[in-house]
2 protein chains.
Amino acid sequence: MAPRKVKAADQKRSDGLPGGRMPRSRPQTRIQREKQDIILEAALEVFSVHGFRGATIDQIAEVAGMSKPNLLYYFPKKEEIHRRLISTLLDTWLAPLREMDEDGDPFAEIRSYIRRKLEMARDFPRESRLFANEMLRGAEHVIDMIEIDLKNLVDEKARVMQVWMDQGKLARTDPYHLIFSIWATTQHYADFDVQVRAVLGKDRNGEGRFDDAARYLEQLFMHGLTPRQRQGTKTA
Amino acid sequence: MAPRKVKAADQKRSDGLPGGRMPRSRPQTRIQREKQDIILEAALEVFSVHGFRGATIDQIAEVAGMSKPNLLYYFPKKEEIHRRLISTLLDTWLAPLREMDEDGDPFAEIRSYIRRKLEMARDFPRESRLFANEMLRGAEHVIDMIEIDLKNLVDEKARVMQVWMDQGKLARTDPYHLIFSIWATTQHYADFDVQVRAVLGKDRNGEGRFDDAARYLEQLFMHGLTPRQRQGTKTA
DNA sequence: AGAAATTTTGACCAGTTGGAAAAATGTTAG
DNA sequence: CTAACATTTTTCCAACTGGTCAAAATTTCT
């Protein structure tokens, strides 16, 4: 192997901020915000389909309608785009769960949580897929957020549900797995969209499938979570 | 731009079989089968995490413990490895649904279907992720199989469930979405494993989480699908 | 053993990728 | 207008990518 020459004076800034020759004086130009938004939008499009490694800067630049170096002027690192996307996403993503209100009616709360999640799957499928992609490859870039913010939020809501169960308003189950199942069933319609469409066939393929899903899930969870007096779980 | 010279006599075979200098006389050598298995195993490892575009041949070769040219001797195209993996997978993946028996007890059938799917998520998480990856990016490589084999199978089982519902043995719902929800909730434990672990925390992280999941899902679906006389869905 | 076939390796290639440098072109405040 | 700054384009590069090829090493068959 031939030895490689490395310029010793080759130093770069690696702070999170737009590096290179980007200005730091004034906080943000109008044009900066605009272009960054365009880039993030394009990146979402590409990352959500190909994942981080599969996506290329050229591709994103093309979708964003600008040259690669121009794009790199705003986000000097590919990773930076991805990180921005993800951290913005996580907030939006958890909003519905945050809104679940301890003082509300358990069934109404859960039902509207399911609805909202399903609406998100319908209206922001790219975000859902970006998230799924990230999870699939081990969540390298968000593991901290998941382990802290997400966990705390779920812990909190699990406690709320526990209270509901103790009050006999909700069937006794594992609140964590209950939350998982809501995530899974709703996000499925975004992440596995192709499969859902293929299986439903051309005729049932309009946006109506989300209404059907909403009806079905509502029934499943409402019935599934109704408290019962006797749970004769004698199997076989 | 400099003109590129192209050798006109540069012909390659592009049939599905191992190309290059591979023999065609005898069907398969022992060593061929062995190495191909090793490669497929390594490829599963890599593809399931990074997706098709994100995975590199070098990476797969390294995991497989052989040189890249050596690997390419067995699978002359990257795509070929992927295809083999996927088509093998789909069969295994659908097996549990195929076993759902019209003449069995509806609840027993559905329960054991859920169990089996959950076991697969536990025992073959890489396969599940490979599949999820494929779906996320639009199922390019399997769209036909999905649209035909998978759809047919689901159509058939949906009819079975419809019969059960007509007989009053199962609550009336959309059988398609019922199947979707089983897929979603079970595969979630493979595809979103990181998230599940993170949320459950270190203490609940053993394999026990699958038992908890099984219990929870059983309750959810069994209760959720029990037929009811009156469905007085008057809320608020 | 020895020929033939199979398997493995090392050197190599053209195209792509993330990114750097710098020059060229706006834009704006004084 | 012009200096100072912001934005964009052009050119370029080293590392990596999927893949080739001929030669060498090994296995298999007679």
Side-chain angles (χ1 to χ4, degrees), chain A residues 1-7 9-14 17-36 38-39 43 46-47 50-62 64-82, chain B residues 1-7 9-14 17-36 38-39 43 46-47 50-62 64-82:
Chain A
M1 281 175 204
R4 276 164 216 144
K5 35 185 168 169
V6 178
K7 290 175 208 156
D10 236 6
Q11 301 241 345
K12 259 169 282 172
R13 46 170 57 99
S14 62
L17 299 163
R21 262 162 258 79
M22 280 285 276
R24 208 66 52 84
S25 34
R26 259 155 301 176
Q28 282 256 305
T29 337
R30 168 189 51 88
I31 203 162
Q32 270 173 41
R33 258 182 313 250
E34 282 176 12
K35 296 268 165 152
Q36 284 190 13
I38 293 175
I39 292 170
V46 179
F47 279 137
H50 299 292
F52 182 74
R53 290 195 51 179
T56 72
I57 299 188
D58 299 76
Q59 240 179 125
I60 300 173
E62 202 196 313
M66 64 181 76
S67 69
K68 177 169 63 170
N70 195 187
L71 182 150
L72 283 165
Y73 169 67
Y74 293 100
F75 291 90
K77 297 277 173 197
K78 186 187 178 187
E79 261 195 289
E80 197 50 41
I81 314 178
H82 194 247
Chain B
M1 282 178 204
R4 275 162 217 144
K5 34 186 170 170
V6 178
K7 288 174 209 157
D10 233 7
Q11 301 241 345
K12 256 170 286 174
R13 47 171 58 100
S14 62
L17 298 163
R21 260 160 261 81
M22 281 283 277
R24 206 66 51 84
S25 33
R26 260 154 302 176
Q28 282 253 303
T29 339
R30 167 191 51 91
I31 203 163
Q32 270 172 41
R33 256 183 314 253
E34 283 176 10
K35 296 269 165 153
Q36 284 189 13
I38 292 176
I39 292 170
V46 179
F47 279 136
H50 298 293
F52 182 74
R53 291 195 50 180
T56 73
I57 299 187
D58 299 76
Q59 239 179 126
I60 300 172
E62 202 196 312
M66 64 181 74
S67 68
K68 178 169 62 170
N70 195 187
L71 180 150
L72 283 165
Y73 170 67
Y74 293 101
F75 292 90
K77 296 278 173 196
K78 186 187 177 187
E79 262 195 289
E80 198 49 42
I81 313 177
H82 193 247

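All chains are named by letter (A, B, ...) in the order of the sequence lines, taking the proteins before the strands, and each is independently numbered beginning at 1.
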List the steps and the verdict of side chain to side chain contact (heavy atoms under 4.5 Å, CB included) for B:Ile60 and B:Lys78.
CA-CA 10 Å; B:Ile60 300 172; B:Lys78 186 187 177 187; 5.5 Å; no
Might you work through the side chain to side chain contact (heavy atoms under 4.5 Å, CB included) test for B:Thr56 and A:Arg53, ending with a clear yes or no?
CA-CA 10 Å; B:Thr56 73; A:Arg53 290 195 51 179; 3.4 Å; yes
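- Closest approach to the A:Tyr74 side chain among D:dT10, D:dT7, C:dG19 is made by D:dT7 (side chain taken as heavy atoms from C-beta onward).
- Among the heavy atoms of the strands lying under 4.0 Å from A:Ser67 is at least one base atom, whether or not backbone atoms are also near.
- Comparing D:dT17, D:dC21, C:dT8 by their nearest atom to the side chain of B:Pro69 picks out D:dC21.
- Backbone-only engagement by B:Ile57 is indicated by non-hydrogen atom pairs under 4.0 Å involving sugar-phosphate atoms exclusively.
- Which of D:dT8, C:dT17, D:dT17 sits closest to the side chain of A:Asp58 comes down to C:dT17.
- Among the atoms of the strands shown, none is found under 4.0 Å from any heavy atom of A:Ala61.
- When heavy atoms are screened at a 4.0 angstrom cut-off, B:Lys68 is found touching base atoms of the nucleic acid.
- At whole-Å resolution of the value, CG in A:Asn70 and C1' in C:dG19 are 14 Å apart.
- Ranking C:dT17, D:dT17, C:dG19 by closeness to the B:Arg53 side chain, first place goes to C:dT17.
- Taking the six-membered ring for Trp and thresholds of 30 and 60 degrees, A:His82 and A:Phe47 have ring planes more than 60 degrees apart, a perpendicular arrangement.
- Distance from the side chain of A:Tyr73 is smallest to D:dA6 among C:dG18, D:dG18, D:dA6.
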